[in-house]
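This report concerns only the one structure given below.
All values below come from the heavy atoms of this structure, side chains included, with hydrogens, waters and symmetry mates left out. Count residues from 1 along the sequence.
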Amino acid sequence: MSKKLNRVLDEIQKTEEKIAVWQEHLRELNTLREQLENQEIIKSIRSMKLDSRRMLEFLEGIQSGTVSIRCAEEEDHNTVTENDMKDTSGQIQMQEERASESEDRSNEET
């Protein structure tokens, strides 16, 4: 075989090895991303300070798809309280209320 063909074949092999390494790296990064997302979800749910029964109802509502979430623009501040959750006809509905920082400051002054 010619030297040119050998070099091309060698380059192909090296490239395939590099691709395999990068694919494994990508799988690891995706796993890490999922773990970090799960930690954020757990932190958010725990911050709601629900008793065990309300938390179980809320989680069951999420799994069954009966929980609805109203979202405003991304730049607004997000607050969720236990009072935002209402049980209607066996379905749990959660509403997120968002207030801007100026509204928060005006509430503190009064």
Side-chain angles (χ1 to χ4, degrees):
M1 281 198 276
S2 71
K3 289 182 181 182
K4 246 184 181 179
L5 180 57
N6 280 335
R7 277 185 279 178
V8 169
L9 292 173
D10 289 343
E11 187 67 28
I12 289 171
Q13 184 180 2
K14 288 178 187 177
T15 304
E16 288 173 344
E17 290 170 0
K18 288 179 184 179
I19 289 171
V21 168
W22 280 108
Q23 285 177 334
E24 179 61 29
H25 181 67
L26 179 60
R27 278 190 289 276
E28 291 171 1
L29 287 175
N30 282 326
T31 300
L32 179 59
R33 180 201 58 183
E34 186 176 344
Q35 290 172 348
L36 293 172
E37 287 173 347
N38 289 341
Q39 288 175 359
E40 286 297 316
I41 292 167
I42 291 168
K43 189 167 69 171
S44 297
I45 297 296
R46 292 269 181 218
S47 72
M48 295 175 74
K49 307 282 187 213
L50 301 173
D51 64 31
S52 296
R53 289 195 186 277
R54 295 290 289 165
M55 184 175 295
L56 182 59
E57 290 173 0
F58 177 68
L59 294 174
E60 286 173 348
I62 291 173
Q63 291 173 348
S64 67
T66 59
V67 173
S68 62
I69 300 172
R70 186 183 70 213
C71 297
E73 293 180 9
E74 294 257 332
E75 58 203 42
D76 291 343
H77 180 67
N78 177 16
T79 58
V80 178
T81 65
E82 186 175 348
N83 293 333
D84 294 332
M85 296 180 56
K86 297 176 181 142
D87 191 3
T88 334
S89 314
Q91 293 184 351
I92 301 170
Q93 295 180 339
M94 183 183 86
Q95 299 176 344
E96 289 185 349
E97 294 179 7
R98 294 173 181 224
S100 67
E101 291 179 17
S102 61
E103 289 174 333
D104 288 341
R105 282 191 221 115
S106 67
N107 289 338
E108 291 174 3
E109 295 173 358
T110 57

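Heavy atoms only, all atoms of each residue included: Phe58 and Leu50 are closest at CB-CD1, 4.2 Å.
A distance of 7.5 Å separates CD of Gln39 from CD1 of Ile42, quoted to the nearest 0.5 Å. Taking CD1 of Ile62 as the reference point, atom CD1 of Ile45 lies at 4.5 Å (rounded to 0.5 Å).
When side chains are defined from C-beta on, Lys43 counts as touching Glu40, because their heavy atoms get closer than 4.5 Å.
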Atom pairs and distances, donor-acceptor, side-chain atoms in residues 6-25, under 3.5 Å, two or more places apart:
residue: Thr15; atom: OG1; partner: Glu11; partner atom: O; Å: 2.8
residue: Glu24; atom: OE1; partner: Arg27; partner atom: NE; Å: 3.3
residue: Glu24; atom: OE1; partner: Arg27; partner atom: NH2; Å: 3.0

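Partners of Glu28 according to the salt bridge (charged side-chain N to carboxylate O under 4.0 Å, His left out) rule, which considers only residues two or more places apart in sequence or in another chain, do not exist here.
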